[in-house]
Structure formats: structure tokens, C-alpha cells
Amino acid sequence: MEFLTGENSGCSGCGEMQSSCNFCGACCTGGGPVLRTQDERLIKMGKIQISDLYTMRKGERVFNKETLAMESIPSDQIKIKVQEETIRCTFLNEANRCRIYANRPFECRSYKCWDTKEIEEVYASDDPLTREDIVGGIEGLWDLVKDHQGRCDYETLSGLMERVEADQDKEAMASVCEMIAYDRSLRETLVASGRVKPEILDFLFGRALSTTIVMFNYRLEKGENGYQLVRVE
Ligand code: SF4
Ligand code: SF4
């Protein structure tokens, strides 16, 4: 969710000073919100489905507009998905209205473009909802999530990619390709066996590594001897 902060920021849609929401929907067009512990009830009540969510895992790199640099996130974030080919929240309809307004997440309820004190307090608090809060009690499934996290964590991946970037280290490159292959194979196997629906994969295991590897300025390409990493120039 693309919230502007700072005193009297004004509506992120029209830029006008105001004292209440005019439902322009502008704050819902820059990505979905991060879920907080207060939002767990919305999932339990079925107002938000797991298939509406994806996980940004600890260590994923995101662009920080203030520092103008890619930075790693310090902990997992459970986010509402966005609409295909856009960064509009999946719940924003064509008329720019929220389809779950009465049950919108805590961040959305805390955001007032004309007074950002409340949302800044939410950002400063350390209470994100976690995958464990949602599926930690599901034996078998949670073990899979933990196993995947252990084998595909971004800290390890970052270390390997530093070696690749520094001197095209072949051993590190092979380890990265193995990691991506495991991530892909786990997803395909679980879907093929019917154990997991494809639409909840990005919540359980985060976005596919074959996609997020681009955050390190590399992409995966199929060569004569299998997949290889190619730098994106
Ligand atoms: S809070 Fe969001 S929807 Fe409401 S006026 Fe501000 S930018 Fe528009
Ligand atoms: S859940 Fe609703 S209020 Fe929140 S970003 Fe999405 S559309 Fe906007």
C-alpha cells in the first residue's frame, strides 16, 4: 500500500487538504496493505481468504523511496495481493471502492491521508501477522513451510548472490540454481498431488524464487546444461 506520510500530506489522489475520506481510492493503488495481528480475525471469519494473500519473506529486497536503494525487509510481511499487471489492491473494484470496506485490514483503517499520525504509529509498531499465526497449527503443512524456509531463506541466497556478483563464483551459482529448482519442484509437486491449491503457494512459500531472483539483478535462463543465472543489464 502506497501511503504518503508526513504532516498534512493531503489526499494522495487529488493532493487537496481535507478532513475526511472522499473515497477516491488513491491510497489503494500502490500495493496491498501488510496484515497486522489485529487482522487475524478477518481470516478466521472468512472475510479475507488465504488465497488473497502472499508473503514477502524476511530478507527480500524492496525499493525504498526515501533512500532510493534496494533494502532487505527485516521480517516476514503478509500482504494482500495486487491485481494482475498493476499494483492495485485486489479488493479495489473498478469504481475505486474497497470490496471489503467494512472488514478492511488494520493498516487501511488507520490510514487517513489528511493526518498520517495514526498510520505512522502502526508502521512503528512491531506486530505483523505471520504465517505461523495463520497455518502454524496445521500439522504437515507447517512442517513444509519451515523446511522450505530453512532451505530457501533469503539470507543464504543473498550471501550466494554476493559471491556470484563479485566473481561469477560457479559453486555459488550452482547452489542458487539448486535452491531455485527445489523451490519450483516443491510447488509443482504439491499442486500435482492435490495437497495444496496453486493460489495459496505464494502465501505458504513466498513468491517463487525464479521470479524474485531479479531483485539481485539476475534472471534464470535455460542453457544446454540446465538452468543458469544471467545478469540483467
Ligand atoms: S484516505 Fe485514501 S481513499 Fe480516502 S481520500 Fe485519502 S487517498 Fe483517497
Ligand atoms: S483492502 Fe480495501 S481499503 Fe485496503 S488497500 Fe485494499 S481496497 Fe484499499
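Remember, it's 1-based here, ligands and their atoms both numbered in the order they're listed.
- Less than 4.0 angstrom separates some heavy atom of Pro105 from each of these atoms of ligand 2: 1 (S).
- Side chains of Tyr111 and Arg104: no donor on one and acceptor on the other come within 3.5 Å.
- Under a 4.0 Å N-O distance rule, the pair Arg61/Glu71 does not qualify as a salt bridge.
- Among Cys98, Cys24, Ser20, Cys113, the residue whose heavy atom lies closest to atom 8 (Fe) of ligand 1 is Cys24.
- Residue Leu92 places a heavy atom under 4.0 Å from ligand 2.
- Within ligand 1, the atoms closer than 4.0 Å to a non-hydrogen atom of Gly25 are 3 (S), 8 (Fe), numbered from 1 in the order shown.
- Of the charged side-chain nitrogens involved, none lies within less than 4.0 Å of a carboxylate oxygen, so that Glu165 and Arg163 do not count as a salt-bridged pair.
- Aromatic pair Phe23/Tyr101: ring centres closer than 6.0 Å.
- Looking at Arg131, its side chain never comes within 3.5 Å of a backbone N or O of Lys146 through a donor-acceptor pair.
- Taking 2.8 Å as the threshold, Cys108 counts as a candidate ligand of atom 4 (Fe) of ligand 2, since one of its N, O or S atoms lies below it.
- For residue Cys21, an N/O/S atom approaches atom 4 (Fe) of ligand 1 to within less than 2.8 Å.
- Close approach of ligand 1 to Asn22 is summarised as follows: ligand atoms under 4.0 Å from at least one heavy atom of the residue are 5 (S), 8 (Fe).
- Residue Cys28 has at least one heavy-atom neighbour below 4.0 Å for each of these atoms of ligand 2: 3 (S), 5 (S), 7 (S), 8 (Fe).
- In this structure, a donor-acceptor pair under 3.5 Å is absent between the side chains of Ser175 and Glu171.
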